[in-house]
Amino acid sequence: MAKQAGIVFFEGTLGGINFYYRKGVPTARRAGGGFTAKAIKTSPTMARVRESNSEFAGCSGVNKHFKRAIVPFTAGYKDGTLHSRLMRLFLGIKDLDLTSERGKRKVSVGYASDGGKGLLKAFVICTARPQLFDCVYGFDWDNLVFYVSQFSVAAAKFPKGADVMEVVVGVVRFDFETYAYSHTMAEPILIGRDFDVTDFDLSVNGLPPGDGALIAVARVAFYQEVNGERYVLPGVDGFGISLFN
């Protein structure tokens with residue numbers, strides 16, 4: 001039996017090793033027998049474990065900083081599954097790095113592939129509202145415009161108690177290698193229950209500075225108005241977030 005060492009801890013079985021918590025302490029042991037912490041670090045039979053641990057730590061760093069990069073869109077959204085779902089996403093993108101040796105595969109290399117970009121685009125942040133609207137919408141990269149057509153308030157699915165829907169759009173530049181990020185935000189719009197416009201758009205004034213991948217993000221959130229003040233509704237069905245890359 002040995003204690004796990006490092007910044008990332010596993011639970012489960014990997015490469016014939018059982019990883020678990022014993023009295024709150026992350027512990028590891030060979031299935032069917034024990035081994036030392038030194039063996040984890042040096043034994044040739046533990047090579048796959050060390051490789052997986054290294055790649056997992058890299059994906060964990062991407063996850064941590066990516067969540068920070070999209071805070072302007074997730075503020076107020078509460079979902080205890082988001083961290084683990086994003087972790088699975090970045091592990092999957094990392095697996096698309098077909099040029100680096102095992103143990104050194106990176107999300108940044110995997111994302112450079114069409115498959116990596118496709119995984120991020122298909123990722124659903126708000127599972128209770130996977131689509132922003134029941135109509136046509138998207139992001140025009142040539143003109144940096146988020147467009148909506150054939151919109152109807154009746155089909156916007158206002159949650160109970162909601163008076164206003166806010167639409168927020170921006171472009172995030174995120175460097176999967178250095179974790180640096182920046183934003184450019186459009187002016188948000190508010191849509192009340194009496195909104196009767198079917199087509200509208202939000203323009204982003206230029207691209208954010210720096211290096212890295214460009215990802216457009218659109219969010220809808222619902223608010224209740226009380227004495228002239230707006231309060232965001234906390235329920236998960238009151239949020240929708242879409243990614244465009």
Side-chain angles (χ1 to χ4, degrees), residues 62-63 65-79 81-90 92-93 107 111 114-159 162 164-174 176 181-191 195 197-208 212-223 232-245:
V62 171
N63 191 2
H65 292 279
F66 184 80
K67 286 190 297 181
R68 290 180 178 176
I70 62 173
V71 161
F73 309 95
T74 58
Y77 178 61
K78 306 296 183 183
D79 179 358
T81 71
L82 181 58
H83 176 83
S84 60
R85 291 190 295 110
L86 277 171
M87 196 65 195
R88 288 194 295 271
L89 168 69
F90 293 129
I93 295 175
V107 176
Y111 184 78
D114 291 340
K117 294 181 179 66
L119 286 178
L120 182 68
K121 184 177 181 179
F123 183 75
V124 177
I125 293 181
C126 304
T127 55
R129 193 182 181 97
Q131 299 293 323
L132 299 183
F133 314 110
D134 286 336
C135 64
V136 178
Y137 63 90
F139 192 82
D140 179 352
W141 280 102
D142 291 333
N143 299 298
L144 300 180
V145 171
F146 175 74
Y147 59 87
V148 181
S149 62
Q150 304 173 30
F151 176 80
S152 168
V153 166
K157 299 179 180 178
F158 272 57
V164 175
M165 175 174 66
E166 181 187 48
V167 183
V168 176
V169 176
V171 175
V172 178
R173 188 185 292 275
F174 185 78
F176 286 98
Y181 58 86
S182 56
H183 314 88
T184 301
M185 305 295 292
E187 190 69 27
I189 67 170
L190 296 175
I191 296 175
F195 189 79
V197 176
T198 58
D199 298 351
F200 63 91
D201 58 55
L202 291 84
S203 298
V204 177
N205 186 23
L207 295 174
L214 291 169
I215 305 164
V217 188
R219 182 196 85 162
V220 298
F222 293 86
Y223 295 79
V232 66
L233 294 180
V236 293
D237 60 339
F239 281 85
I241 301 173
S242 289
L243 305 175
F244 308 88
N245 54 5

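The structure displayed is predicted, hence computed values, not measured ones.
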Exercise: identify the closest heavy-atom pair between [X] and [Y]:
{"X": "F239", "Y": "A221", "answer": "CE2-CB, 3.9 Å"}
{"X": "A156", "Y": "M165", "answer": "CB-CE, 4.4 Å"}
{"X": "V168", "Y": "P188", "answer": "CG2-CB, 4.0 Å"}
{"X": "A213", "Y": "Y111", "answer": "CB-CE2, 3.5 Å"}
{"X": "L233", "Y": "A162", "answer": "CD1-CB, 3.5 Å"}
{"X": "F73", "Y": "V172", "answer": "CE1-CG2, 3.7 Å"}

I want to check something: taking the side chain as every heavy atom from C-beta on, are [X] and [Y] in contact at a cut-off of under 4.5 Å?
{"X": "I70", "Y": "I241", "value": "no"}
{"X": "P208", "Y": "L214", "value": "yes"}
{"X": "K121", "Y": "L243", "value": "no"}
{"X": "F146", "Y": "L132", "value": "yes"}
{"X": "T198", "Y": "Q150", "value": "no"}
{"X": "Y137", "Y": "F244", "value": "yes"}
{"X": "F174", "Y": "N245", "value": "no"}
{"X": "L89", "Y": "F66", "value": "no"}

Open item on the list: Y181: which residues meet the ring-ring contact (aromatic ring centres under 6.0 Å, His included) condition with it, sequence neighbours left out?
Closed with: H183
- [ ] Identify, with sequence neighbours excluded, every residue that meets ring-ring contact (aromatic ring centres under 6.0 Å, His included) alongside F200.
- [x] F151, F195
Mind checking the [atom1]-[atom2] spacing from [X] to [Y]? Nearest 0.5 Å is all I need.
{"X": "M185", "Y": "N205", "atom1": "CE", "atom2": "CG", "answer": "13.0 Å"}
{"X": "D140", "Y": "D201", "atom1": "CG", "atom2": "CG", "answer": "9.5 Å"}
{"X": "L202", "Y": "I189", "atom1": "CG", "atom2": "CD1", "answer": "4.5 Å"}
{"X": "D79", "Y": "T127", "atom1": "CG", "atom2": "OG1", "answer": "5.5 Å"}
{"X": "Q131", "Y": "S242", "atom1": "CD", "atom2": "OG", "answer": "6.5 Å"}
{"X": "T81", "Y": "L86", "atom1": "OG1", "atom2": "CG", "answer": "9.0 Å"}

Open item on the list: If the condition is salt bridge (charged side-chain N to carboxylate O under 4.0 Å, His left out), which residues does D134 pass it with, not counting sequence neighbours?
Closed with: K157
Open item on the list: Surrounding NZ of K67 (heavy atoms of other residues, nucleotides or ligands, distance under 6.0 Å), is the total greater than 12?
Closed with: yes
Task: L207 vs T184, side-chain contact (heavy atoms from CB on, under 4.5 Å): CA-CA, chis, key distance, verdict - done: CA-CA 6 Å; L207 295 174; T184 301; 5.6 Å; no
TODO: May I ask you to decide if F123's main-chain N or O and R85's side chain share a donor-acceptor pair within less than 3.5 Å?
DONE: no
